[in-house]
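Reckoned from all heavy atoms, side chains included, excluding hydrogens, waters and symmetry mates. Naming: A, B, ... by sequence-line order, numbering from 1 per chain.
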There are 2 protein chains.
Amino acid sequence: MSDHQQRRTSPPSGHSGDALPPVEQHAQQYETVRNAHETELIEDYVELIGDLIRHRGEARAADIANRMAVSQATVSKMIRRLNELGLVTSKPYRSLFLTEEGQKMAETSRARHDIVLHFLRALGVDDSTARIDAEGMEHHVSDKTLTIMQRFTEQQIK
Amino acid sequence: MSDHQQRRTSPPSGHSGDALPPVEQHAQQYETVRNAHETELIEDYVELIGDLIRHRGEARAADIANRMAVSQATVSKMIRRLNELGLVTSKPYRSLFLTEEGQKMAETSRARHDIVLHFLRALGVDDSTARIDAEGMEHHVSDKTLTIMQRFTEQQIK
DNA sequence: GATAATTGTTAGCCAAGGCTAAACTGTTTG
DNA sequence: CAAACAGTTTAGCCTTGGCTAACAATTATC
Ligand SMILES: [Mn+2]
Ligand SMILES: [Mn+2]
Ligand SMILES: [Mn+2]
Ligand SMILES: [Mn+2]
């Protein structure tokens, strides 16, 4: 008698929940998430730099490190990357500036972040929870959903 | 005349938008996101393995690779990690099983995933967009927000 | 203006999560 | 039952994004 298991057992007929999506669609879900992960940290840096400039007049590495709860070395390394990507300009030991492209990204990210944050609040989530959730969710919300969120928030306010 | 810039310039008085949150709160936003990133891939694997077992009777590495759009080598390596974490059991060249702990995680992840997906649909997002957004958002939605989403979905259905 | 404190950089380490190429095992088929 | 095929594993490579420790530059203080 063989100890091999059958290669394809039939699904236990009475299983609950939705069916699995077709392979291609399922694959696209994960791919989209992986792509978002590649850009999200960049976006958060650029957005924060923009916010610091707007609210404080300048963006310094030490402030970024404090606000992100990350070492200064990590920030320094990331700034080099942002530089290479053409998003910020920086001279050694001086504060940071956004390039045209960086400003555009900062603006877009901030707008999206705000929509998600305001949506969560309109939904009834308390401010500090909303801020935490928005920081992560923002990178995974499609433009379509963003539009719907914005409409919802406006409805609630009226 | 010195070419030094002033170290602290005052904020351009007429800046738009919300104020920056206090440093500690701001830091916590980013920390929470970083923590979520450490577990989210693990959760997706475990959840998918659970789904494959439920819907297909077994979970094989090749199926995971196809559904995740990732190489088999990547899956193989990840399975070793899941093993070390005590989430799955596996014999070489055989299909996968979830441990007690793995089953618990699969169940929790699936429940959370479903709440987010159903919420997005209730909000008016089309199915395929909702699926993509939910796959990323789920890992960044707090329990508090999850509860609110669930209530919202139930309201819409009634 | 010398010294102390703060801020920024560099070097070198690590883990996670991708990949390709090559080897190996299990299953199916002629 | 041997060969071909499909599935799995391993080795080795790469990038990202963390860290610490040591050093360098700037700014503040006496
Ligand atoms: Mn943001
Ligand atoms: Mn963010
Ligand atoms: Mn999921
Ligand atoms: Mn997911």
(message) In this structure, how many angstroms lie between the P atom of D:dT16 and the CG atom of A:Asp44, rounded?
(response) 17 Å
(message) So does B:Pro21 get a backbone contact from the side chain of A:Arg67, meaning a donor-acceptor N/O pair under 3.5 Å?
(response) yes
(message) Looking only at the side chain of A:Gln72 (C-beta and beyond, no hydrogens), which of the listed nucleotides C:dT9, C:dG18, D:dG18 gets closest?
(response) C:dT9
(request) May I have the distance from B:Leu41 (atom CG) to C:dA16 (atom P), rounded to whole angstrom? (result) 11 Å
(message) Closest approach to the side chain of B:Tyr93, judged atom by atom: which nucleotide of C:dG18, C:dT9, C:dG26 is it?
(response) C:dG26
(message) Of the listed nucleotides (D:dC19, D:dG12, C:dG8), which one gets closest to any side-chain atom of B:Lys77?
(response) D:dG12
(request) Look at the side-chain heavy atoms of Ile, Leu, Val, Met, Phe, Trp and Tyr, link any pair under 4.5 Å apart, and say whether B:Ile115 and A:Val125 land in one connected group. (result) yes
(request) Tell me what A:Ile79 touches on the nucleic acid: a base, only sugar-phosphate, or nothing, going by heavy atoms under 4.0 Å. (result) nothing
(request) Flag the pair A:His139 / A:Arg112 as yes when at least one side-chain heavy-atom distance between them is below 4.5 Å, and no otherwise. (result) yes
(request) Mind calculating the distance between CG (A:Leu96) and C1' (C:dG8) to the nearest angstrom? (result) 11 Å
(message) Considering every strand and a 4.0 Å limit on heavy-atom distances, what is the contact class for B:Ala73: base, sugar-phosphate, or nothing?
(response) base
(message) Using whole Å, what does the distance between atom C1' of nucleotide C:dA16 and atom CD of A:Glu38 come to?
(response) 14 Å
(message) Quick check on contacts: within residues 80-88 of chain A, what sits under 4.0 Å from DNA chain D by heavy-atom distance?
(response) A:Arg81
(message) Donor-acceptor check, side chain of A:Ser109 to backbone of A:Glu47, threshold 3.5 angstrom: yes or no?
(response) no
(request) Measure up the A:His140 and B:His140 rings against each other and bin them: parallel (under 30°), tilted (30 to 60°), perpendicular (over 60°). (result) parallel
(message) What's B:Val75 touching, base or sugar-phosphate or nothing? Going by heavy atoms closer than 4.0 Å.
(response) nothing
(message) On DNA chain C, compare the nucleotides closest to A:Arg34 and A:Ala61; which residue's is nearer the 5' end?
(response) A:Ala61
(request) Assert yes or no for the condition that the ring centre distance of B:Tyr30 to A:Tyr45 is strictly below 6.0 Å. (result) no
